[in-house]
Amino acid sequence: QVQLVESGGGLVQAGAFLRLSCAASGRTLSMYTMGWFRQAPGKEREFVAAITWTGGIRDYADPVKGRFTISRDVAKNTMNLQMNNLKPEDTAVYYCAAVAAPVAPAVIRTRQDYWGQGTQVTVSS
């Protein structure tokens, strides 16, 4: 069993940056693919970014390409999302997710085995 805990959300103005973190406990993530999703009010949860734990291969949703960077710290068993040039449409609850297998990053778009509780990101115009 894996527990995922997000942190780093907050209220910022458009153009600012935030860095989200996802701390994993319960077991090491050496064979897991990890990712971020978000859910805005009244909308469905959507994929944001993903990364393989061992190879560092990344996948991004089109709206965040060039602005968001996903990374992982193997030693700390954490995953991060650096969000630059934030826009009001990035406002959402951001969730950390994991697939308990060494799959390609795109797989997490349709398969998620573990979820965090979410962290709120609000971007004002």
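Position 1 is the first residue of the sequence, and the numbers go up from there.
Taking the six-membered ring where the residue is Trp, F68 and Y94 present tilted rings, their angle falling between 30° and 60°.
The CD1 atom of I108 sits 6.5 Å away from atom OG1 of T33, with the distance rounded to the nearest 0.5 Å. Between atom CD1 of residue I70 and atom CE of residue M83 there is a gap of 11.5 Å, rounded to the nearest 0.5 Å.
V2 is not connected to W115 by any chain of hydrophobic side-chain contacts under 4.5 Å among Ile, Leu, Val, Met, Phe, Trp and Tyr, and they are in different clusters. Hydrophobic cluster membership differs between I51 and F37, with clusters built from Ile, Leu, Val, Met, Phe, Trp and Tyr side chains linked at under 4.5 angstrom. When the side chains of ILVMFWY residues are joined at heavy-atom separations under 4.5 Å, either directly or via intervening members, V48 and V12 end up in a single hydrophobic cluster.
A salt bridge between K87 and D90 is absent, with no side-chain N of the basic residue lying under 4.0 Å from a carboxylate O of the acidic one.
With hydrogens and angles disregarded, no donor-acceptor distance shorter than 3.5 Å links the side chain of T69 to the backbone of Q82. Side-chain atoms of S125 do not come within 3.5 Å of backbone N or O of P88 as any donor-acceptor pair. Side chain of Q13 to main chain of S124: no donor-acceptor pair is present (N/O by atom type, distance under 3.5 Å, no hydrogens or angles). Q117 places no side-chain N or O within 3.5 Å of a backbone atom of V5 that could act as its donor or acceptor partner.
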- Given the rule in the side-chain contact (heavy atoms from CB on, under 4.5 Å) test, do Q120 and T91 qualify, once you have shown the distances and angles that lead to the verdict? CA-CA 8 Å; Q120 176 70 46; T91 295; 4.1 Å; yes

- Apply the test side-chain contact (heavy atoms from CB on, under 4.5 Å) to residues V99 and W53: give CA-CA distance (whole Å), side-chain angles for both, the deciding distance (0.1 Å), then the verdict. CA-CA 10 Å; V99 176; W53 198 255; over 6 Å; no

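Residues M79 and Y32 fail the side-chain proximity criterion, which asks for heavy atoms closer than 4.5 Å. Taking the side chain as every heavy atom from C-beta outward, L20 and V121 approach each other to under 4.5 Å.
Paired with K76 under the rule side-chain contact (heavy atoms from CB on, under 4.5 Å), one option of V74, T78, N80 passes, and it is T78.
Identified under the disulfide (SG to SG under 2.5 Å) test for residues 31-83, with sequence neighbours left out: none. Each disulfide (SG to SG under 2.5 Å) pair with one or both residues in residues 73-125, not counting sequence neighbours, appears once here: C22-C96.
Closest approach of M34 and A98 over heavy atoms only: SD-CB, 3.4 Å. The two residues Y95 and G116 have their closest heavy-atom pair at CD2-O, 3.7 Å. For the residue pair R38 and P63, the shortest heavy atom distance occurs at NH2-CB, 4.1 Å. The two atoms that bring L86 and L18 nearest to each other are CD1-N, 3.8 Å, heavy atoms only. Counting all heavy atoms, side chain and backbone alike, L4 lies closest to A24 at CD2-CB, 3.8 Å. Annotation for A61 and F47: closest pair CB-O, 3.4 Å, computed over non-hydrogen atoms.
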